Amino acid sequence: MQIEPTEKIWKNGKLIPWKEATVHVLSHGLHYGTGVFEGIRCYSTVKGPAIFRLREHMDRLHKSAKSINMQIPFSVDQLCEAAKETVRENKLDACYIRPISFFGVSGIGVNPIGYPVETFIAAFKLGAYLGDEGMRNGIRVHTSSWHRVTNGSVPATAKACGDYLNSALAIMEAKQNGFDETIMLNELHMVAEGSGENLFLVRDGKIHTPPLNAGILPGITRSSIIELAPGLGYKVEEQNIARSELYLADELFFTGTAAEVTPIREVDRRLVGDGKPGPVTKAIQTAFLDIVKGKDQKYTKWLDPL
Ligand code: PPE
């Protein structure tokens, strides 16, 4: 996705010009993927710009760092304030915020213990991740030939840079085969998630989503959907989903900060339901988009005004 440069990027406590936000070629994180990151959206709400579940995102950044043995030298509160400052200073309204912390330069070798930790926060405008058309009419996906990174080889619940080689391979394969996105299975051949989204399935009026130990990222959008669904009359069951169950689904949808709630209209060249976004997906999508725009009083607790 193309993005327009903004003026400033936050680096280790200071705002610096966009062009100067570069890293040294010998950064450990570049060679070995030893970093953690976040993706956060700021929305234009009825009460001005507000960041959706900012604290939860910065808290997950700290937890991801802990999982890979890294200590970020800024607290969750400091990072929240820094994200707001970055959005404000760039005079942005609705935008996407990308914090990243990684092991920097010291020597060479795989062991990063004692290396400096670099932290950056960028913010820029971002449209619908899977396209406006995809948001309205649904996207086409296939099952990836790449398994999702397994719990036995990396902390699969961490949003760690190195894990995204797996996602990158999976999305490239999907695009090369003419699909919009991909669904990865785990080492037990159960459904895990998309390259950058969690998956939900609707069958006989019930909503299902894979459990956290299926090798998925604990999505903040996912947890928001689990919390808001009962208010719409649906309960979400966290349970394992086999590939063949995808073909029996009445509805499928992806969730994520970037993807928000995106309907899936085709999986492995089979129509999902009648090939149009179903009523449950539409109800969830509408409710979610109302919440992020501050139109639902019950959930203004999830919005952090600038
Ligand atoms: N799974 C993966 C693998 C993932 O990357 C994301 C977010 C999710 C699930 C959903 O998590 P959450 O955003 O907390 O609901 N993917 C981010 C990065 C996408 C990218 O292209 O970069 C995002 O949506 O911001």
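Whatever order the structure lists them in is the order used to number ligands and atoms, beginning at 1. Predicted, not measured: the structure shown is a model, and the values here were computed from it.
Summary of contacts: the protein heavy atom closest to atom 6 (C) of ligand 1 is G196 O, 3.2 Å. If you check which protein heavy atom lies closest to atom 13 (O) of ligand 1, you get T257 OG1, 2.5 Å. Scanning all protein heavy atoms for the shortest distance to atom 17 (C) of ligand 1 gives K159 NZ, 3.2 Å. Ranking protein heavy atoms by distance to atom 24 (O) of ligand 1, first place goes to A258 N, 2.8 Å.
Within the set F52, Y96, Y164, the minimum heavy-atom distance to atom 18 (C) of ligand 1 is found for Y96. In the candidate list T221, L199, N166, T221 is nearest to atom 15 (O) of ligand 1, counting heavy atoms.
Taking the charged nitrogens against the carboxylate oxygens, D304 and R55 have no contact shorter than 4.0 Å, which rules out a salt bridge. The pair E227-K298 does not count as a salt bridge, with every side-chain nitrogen at least 4.0 angstrom from each carboxylate oxygen. Using a cutoff of 4.0 Å between basic side-chain nitrogens and carboxylate oxygens, D180 and K175 are not scored as salt-bridged. A salt bridge is defined here as a Lys NZ or Arg NE, NH1 or NH2 lying under 4.0 Å from an Asp or Glu carboxylate O, and E193 with R148 meets this definition. Salt-bridge annotation for K63 and D59: present, with a side-chain N of the basic residue lying under 4.0 Å from a carboxylate O of the acidic one. Contact check on E38 versus R60 returns a salt bridge, with a Lys/Arg side-chain nitrogen under 4.0 Å from an Asp/Glu carboxylate oxygen.
A donor-acceptor contact shorter than 3.5 Å is absent between the side chain of H142 and the backbone of N177. A donor-acceptor pair under 3.5 Å is absent between the side-chain atoms of R243 and the main chain of T143, judged by distance alone.
The proximity of N198 to ligand 1, defined as any non-hydrogen pair under 4.0 Å, involves the side chain as well as the backbone. The proximity of S195 to ligand 1, defined as any non-hydrogen pair under 4.0 Å, is limited to the backbone. Within the 4.0 Å heavy-atom criterion, neither part of R41 lies near ligand 1.
For ligand 1, none of its N or O atoms has an N or O atom of G194 under 3.5 Å away. The shortest N or O to N or O distance between Y129 and ligand 1 is below 3.5 Å. Taking any N or O of E193, backbone or side chain, at least one lies under 3.5 Å from an N or O belonging to ligand 1. Inclusion of I40 in the set of residues having an N or O under 3.5 Å from an N or O of ligand 1 is not warranted. The shortest N or O to N or O distance between G219 and ligand 1 is not below 3.5 Å.
Residue-ligand proximity, I220 to ligand 1, at heavy-atom distances under 4.0 Å covers atoms 12 (P), 14 (O), 15 (O). Counting the atoms of ligand 1 from 1 in the order shown, those under 4.0 Å from a heavy atom of R98 are 18 (C), 20 (C), 22 (O). Against a heavy-atom cut-off of under 4.0 Å, G256 is close to the following atoms of ligand 1: 10 (C), 13 (O), 15 (O).
Between R60 and ligand 1 there is a heavy-atom distance shorter than 4.0 Å.
Partner R222 forms a side-chain contact (heavy atoms from CB on, under 4.5 Å) with one of I226, I220, I225 and no other, that one being I226.
Take D250 and apply the side-chain hydrogen bond (donor to acceptor under 3.5 Å, both in side chains) test, not counting sequence neighbours, and it matches no residue.
Cation-pi geometry between R270 and Y247 is met: under 6.0 angstrom from the ring centre, within 45 degrees of the axis.
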